[in-house]
Each structure stands twice: as C-alpha cells, then as structure tokens.
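Taking it in order: structure first as structure tokens, then the write-up.
Protein chains get the first letters and strands the later ones, always in sequence-line order, with residue 1 at the start of each.
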Number of protein chains: 2
Amino acid sequence: MAYDQAQRRYCDSEERRCPALPTHCATCHARQLSICGALDQYDLPGFATLSSHVRFRAGQTICEEGAPADWVFSVTSGVIGLHKALPDGRRQTTGFLFAGDLVGLSSRIVNACGAEAITDVEACRFARRRFETYMNEHQEVETRLLRMTADELSAAHDQMLLLGRKTARERVASFLLQLADRAARRRVQANPVLLPMKRLAIADYLGLTIETVSRSFTGLARLGVIEMVSVGAVRIVSMADLRDVAEGR
Amino acid sequence: MAYDQAQRRYCDSEERRCPALPTHCATCHARQLSICGALDQYDLPGFATLSSHVRFRAGQTICEEGAPADWVFSVTSGVIGLHKALPDGRRQTTGFLFAGDLVGLSSRIVNACGAEAITDVEACRFARRRFETYMNEHQEVETRLLRMTADELSAAHDQMLLLGRKTARERVASFLLQLADRAARRRVQANPVLLPMKRLAIADYLGLTIETVSRSFTGLARLGVIEMVSVGAVRIVSMADLRDVAEGR
DNA sequence: ACACGGGATTGATCTGGATCAACCCGGTCG
DNA sequence: CGACCGGGTTGATCCAGATCAATCCCGTGT
C-alpha cells in the first residue's frame with residue numbers, strides 16, 4: 001500500500017486518490033463552519049464541482065421571495081440579509097447570514113425569503129436539484145444540514161420571543177449579544193462588536209424603526225452597558241449587565 | 001416466491017415477513033401526516049417499538065424550556081403549544097402542534113421551547129438517543145425530518161413577519177387563515193374554523209393581549225369578513241377578503 | 001475649501017395596543 | 001335556585017414606540 005506524503009495517509013487504490021480542490025475551496029476559510037465541514041478530503045472535491053463561486057456587491061438582490069428556489073448558496077464571506085415583505089412595503093428581516101451559513105434552508109419549491117447582500121458577499125452557488133441529489137447519496141451531509149436547519153429553527157424561536165414580547169431596548173441589547181456570540185463562535189473580534197449593517201437593516205430585523213434603534217443605542221450607552229465606538233462598532237462594557245437588560249431583568 | 005394475500009405483494013424471504021403493528025399504530029390516523037408516513041409496512045413496526053404511547057390532560061406541562069431534551073414526541077391527537085418565556089413571566093408561544101407534528105425539532109441538548117397540552121393530547125414518545133440512531137440507519141426518515149424542519153422554519157419566518165410588522169387585526173386574520181389551512185390539509189372541518197385554544201393562548205402566540213385579540217375578533221366580524229359562531233368557532237365569510245386583511249391590502 | 005448627499009441622531013407629537021377596570025355569560029356546585 | 005368562578009367582552013386611560021421634522025455628521029466630488 002502506497003503512502004502518500006502530501007496527504008499523510010495510506011492510499012490503497014486509485015479510487016482513493018484525492019483529486020485537486022478548486023482554488024476557491026482550497027483557500028476557503030469558511031469551510032469548517034459550513035456544510036463542507038462534514039466532508040473529508042476525498043468527498044469534498046466531488047461536492048465542490050457542484051458549485052460555482054459567485055460574488056455580489058453590497059445592496060444587490062441575491063434572490064427574490066416567491067421566485068423558484070433554483071439555487072442554494074453557501075456564504076463564504078460578507079453578510080446576507082433574508083427578508084419577507086407585505087404588499088404595502090412593510091418589511092421584516094428574518095435573519096442575517098455570515099460565512100458558513102446557507103441561503104435556502106427554509107425554501108422548497110419557491111424561496112421563502114428574499115435575500116440581499118448587506119456587504120460585499122462571496123458565496124458558493126449550488127443548483128438545488130443537484131444539491132439534493134448529492135445529499136441523498138451522502139447522508140453525513142444531510143445530517144449536517146438537518147442540524148443546521150434545527151439550529152436555525154431554534155434561533156427563529158428566540159427571535160419570535162424578541163419580536164413578540166421584548167421592548168425596544170431589550171431587542172437591541174439581544175441583537176448585540178447575538179452578534180458578539182456569532183463573532184466569538186467564528187473566532188473573529190467579538191468586542192467591540194462590529195455592525196456591518198445599516199440602522200435600517202437592524203430596524204427591519206428587530207421590528208422597529210431606525211429612530212427607535214438609534215434611541216435604544218444611546219439609551220444603552222447612557223445606562224453604561226455599552227459604548228459607541230463608531231456607528232459601526234459597539235464596545236460591550238459589561239456582558240453580564242447587557243444580558244440582564246436583554247432578558248428584562 | 002410466495003404471494004402474500006394480506007400484504008398484496010410477493011414475499012421472498014422470512015425477513016420480509018411483516019411483524020404485527022402495536023395497536024396504537026395500527027389504528028393511528030395521524031400516521032400518514034407524520035414522520036411514520038415515510039416508512040413502509042416492513043419498517044414501521046421496528047420504528048414503532050422505539051416509542052410508547054402517552055397521554056396528557058389539557059393544561060399539563062409536557063416538557064420545560066431548558067430541560068434536557070431526552071424525548072421526542074409525535075402528536076397523534078389534540079393540540080400542543082410550544083413557548084418561550086422571559087424571567088419576568090412574559091411569554092411567547094412559538095407554535096401550535098397538531099396530529100402529525102413533532103415536538104422537539106428545534107431542540108438539541110436542551111429543549112428550545114417548553115411544551116404544554118392545550119387540549120387533551122395523545123402522542124408517541126421516543127427516547128431522543130434512539131430516535132437519532134434510528135434516523136442514521138434509515139435515511140428516508142431523516143429526509144422526512146429535514147423536510148418537516150425546513151417547513152417549520154419557513155412557518156417561523158412567516159410568524160416573524162407577523163410579529164414584527166403586522167397590526168393586531170392583521171395578526172388575528174392571519175391566524176385564522178393558518179388554522180383553516182392546517183385543518184384543510186389535515187382534511188378536517190376548515191370552515192367554520194375551530195379554535196381549540198383559549199384567548200390567552202392566542203394572545204401569547206400573536207404577541208398581543210387577550211383584550212386586543214378579543215377586540216380584533218369583533219373588529220373583523222364588524223368588517224363582515226368573519227362571523228363568530230361561538231367563542232371556539234369562527235365562520236370565514238370571505239376567504240379572499242380575510243386574506244386581504246391579513247396582508248394589509 | 002465648499003457644496004452635496006446619504007445616513008444617523010435628536011426632538012415634538014401622535015397613536016395602536018397595553019393596562020386597568022367593569023361587566024357579561026355560561027357552567028358548576030352548595 | 002342563587003352564588004360563584006373562570007373565561008370573554010367592552011370601556012376608559014395611558015404610554016412605548018411610530019411618525020414627522022429638524023439637525024448633525026462625515027465621506028466625496030468639484
């Protein structure tokens with residue numbers, strides 16, 4: 001049995017030889033965060049060939065609510081906002097997606113939500129059909145997808161509590177904690193918390209208006225639990241106090 | 001090869017002989033609605049032995065938010081309410097579950113939501129560990145579970161739009177449509193819509209108070225889009241008009 | 001340097017739904 | 001039968017956050 005120096009393991013057949021990764025996968029730092037993390041070096045290249053690498057500019061529409069759900073996207077950098085709207089234009093952002101997150105978890109035939117690039121975005125795009133076929137053949141991917149979907153559902157339940165019962169100040173406090181938490185889990189700067197989205201996007205996410213979001217920030221700052229470093233960065237002075245505010249204690 | 005008259009198919013080995021179903025499965029009218037619908041008559045008995053049949057009285061707690069997520073329940077009759085709460089007692093109902101629905105989709109280690117019997121309830125209870133093991137061995141069940149979870153997530157997104165942006169009247173109208181829709185899909189009476197839950201449970205679900213729910217019902221009735229048959233039954237006069245109200249048109 | 005413009009903040013007022021309170025209605029028990 | 005009790009409805013008032021309006025702040029282009 002031949003030992004493959006590059007792969008640091010024994011290869012017993014031609015089939016186990018590991019094909020080259022597409023460059024965007026080889027250098028992708030979102031890989032461990034995403035669904036690809038379920039694949040080993042042998043399965044990953046096959047999976048990678050299903051996808052193409054795409055970019056969006058901040059503000060660009062990625063897909064429209066109600067349109068045929070032809071694609072699944074895996075975010076590799078930047079931030080995407082998902083949203084639903086009413087005919088008269090009222091709009092609710094249902095979630096922000098970061099590197100490692102998937103666009104299209106809640107969609108089946110048509111997109112449950114519209115998606116928009118909040119910052120410049122890079123992503124992998126999969127044809128949904130082929131994505132689903134691959135899943136049927138690779139249960140470990142389906143298992144991972146189920147876990148991600150269940151986590152999203154759990155987060156959605158938290159958000160319902162926020163939208164249904166929390167005050168404006170509690171909402172903003174909770175939002176900052178969410179962002180800090182995500183940043184920590186993705187091992188990037190968590191304090192000061194970076195706010196990549198504009199006030200309008202935050203307001204749409206929290207079921208508030210920009211004015212109320214703004215007032216809540218200054219309110220929290222006056223309370224002394226945060227400090228506004230800039231419009232796009234907030235220092236959390238006391239995590240515990242902020243948590244208390246978020247939970248209405 | 002022997003043709004089995006009872007099963008209407010050829011049986012080529014002892015192994016394919018179909019063991020007897022537990023009585024509660026044999027007579028279960030939720031079977032096609034639920035995860036069991038993914039199993040054929042040969043796999044179902046094996047799955048069924050994982051579960052025990054349980055009952056709850058209206059008002060009983062089924063599981064507590066934050067407690068270890070040891071069980072998964074599949075509702076076979078009655079209505080269950082899921083909810084999350086804040087320390088000061090504010091409460092948000094995240095969903096109502098009917099026959100065929102699963103309790104525990106969003107939970108991993110601890111319960112994401114508490115669950116409470118809204119009416120008398122019958123359900124199948126599975127040890128989560130064994131449930132997950134079974135899933136790993138039966139991909140068709142996992143696929144079905146993924147689909148159910150994705151649908152729940154989609155419904156959760158709708159509910160975020162409702163909680164974040166709709167007026168009280170729109171919320172109640174949307175709620176009635178949800179119930180009518182569910183009833184129709186479960187092939188039970190959809191008009192008049194039956195309301196198995198009290199006003200408080202509706203209020204907790206819609207992010208309102210009982211008083212506002214009550215006023216919204218009377219408001220919709222005065223508009224002429226519904227008629228209150230009784231406290232627990234609402235006749236939808238015009239589906240289209242009610243839909244317009246729900247969407248703010 | 002200056003004008004411009006898009007976003008954020010702050011202030012003044014308004015309002016939908018919460019809160020507080022009274023009353024109603026139907027079922028149950030003494 | 002009447003008292004009681006747990007919902008549900010209706011009415012009066014209040015207030016958190018929306019709305020409308022002014023100002024600020026800062027990056028950009030001339």
Side-chain angles (χ1 to χ4, degrees), chain A residues 57-59 81 86 88-92 116 118-119 162-176 193-223 226-234 245-246 248, chain B residues 57-59 81 86 88-92 116 118-119 162-176 194-223 226-234 245 248:
Chain A
R57 290 242 150 261
L86 290 169
D88 63 5
R90 278 174 287 170
R91 185 176 150 121
Q92 178 64 36
E116 180 187 326
I118 298 286
T119 62
L162 181 148
L163 293 169
R165 295 301 183 200
K166 289 189 181 179
T167 66
R169 189 171 289 180
E170 289 162 8
R171 291 179 201 205
V172 172
S174 305
F175 176 62
L176 289 173
V193 180
L194 301 181
L195 308 174
M197 63 291 286
K198 301 186 199 304
R199 293 291 183 268
L200 181 59
I202 299 176
D204 280 348
Y205 181 57
L206 299 179
L208 301 169
T209 59
I210 36 173
E211 292 94 330
T212 302
V213 170
S214 188
R215 282 187 245 270
S216 301
F217 274 123
T218 49
L220 289 173
R222 257 202 276 276
L223 273 184
I226 64 166
E227 277 166 22
M228 298 299 300
V229 178
S230 72
V231 280
V234 178
V245 173
Chain B
R57 290 244 149 258
L86 289 169
D88 64 4
R90 277 174 288 172
R91 184 177 152 122
Q92 179 64 37
E116 179 187 325
I118 298 286
T119 63
L162 180 148
L163 292 170
R165 293 303 183 198
K166 289 190 181 180
T167 66
R169 191 172 287 180
E170 289 162 9
R171 291 179 200 206
V172 171
S174 304
F175 175 62
L176 290 173
L194 300 180
L195 309 174
M197 63 290 286
K198 300 188 199 305
R199 292 293 182 269
L200 181 59
I202 299 176
D204 281 346
Y205 181 57
L206 299 178
L208 301 170
T209 59
I210 36 174
E211 293 94 328
T212 303
V213 170
S214 187
R215 281 187 246 271
S216 301
F217 273 124
T218 50
L220 289 172
R222 259 201 276 276
L223 274 183
I226 63 166
E227 278 165 20
M228 300 297 301
V229 179
S230 71
V231 279
V234 178
V245 173

inquiry  = Categorize B/G219 for me: base, sugar-phosphate, or nothing, with a 4.0 angstrom heavy-atom threshold over every strand shown.
reply    = nothing
key: Side chain of B/T167 - closest among C/dT10, C/dG17, C/dA8   = C/dG17
message = Among C/dT9, C/dG17, D/dA18, which nucleotide has an atom closest to any side-chain atom of A/R199?
response = C/dT9
request  = Take atom CD1 of A/I210 and atom C1' of D/dA21, then tell me their distance rounded to the nearest Å.
outcome  = 12 Å
key: Quiz item: A/R171 side-chain donor-acceptor pair to D/dG17 base, under 3.5 Å   = no
task = Could you say whether A/V231 or A/R165 is positioned toward the 5' end of DNA chain C, judged by the nucleotide with the nearest heavy atom to each?
result = A/V231
ask   = Which listed nucleotide (C/dT19, C/dT9, D/dG8) is nearest to the side chain of B/K198?
value = D/dG8
task = Would you indicate which nucleotide in D/dT10, D/dG8, C/dT10 comes nearest to any side-chain atom of B/T218?
result = D/dT10
request  = Let me know the distance between CE of B/M197 and C1' of D/dG8, rounded to the nearest Å.
outcome  = 16 Å
Nucleotide nearest B/T209 (side chain, heavy atoms from C-beta), chosen from D/dT9, C/dA18, D/dA21 = C/dA18
Side chain of A/R215 - closest among C/dA21, D/dG8, C/dA12 = C/dA12
message = Students often get this wrong, so: under 4.0 angstrom with heavy atoms, is B/G207 touching a base, only sugar-phosphate, or nothing?
response = sugar-phosphate
ask   = If you check every side-chain atom of B/S214, which of C/dA12, C/dT9, D/dT10 has the closest atom?
value = D/dT10
note = Here the distance between atom C1' of C/dA22 and atom CD of B/E211, to the nearest Å, is 12 Å
task = Give the rounded distance in Å between these two atoms: CZ of B/F217 and P of D/dT9.
result = 8 Å
task = Please state how far atom CG in A/L208 lies from atom P in C/dA8, giving the value in whole angstrom units.
result = 15 Å
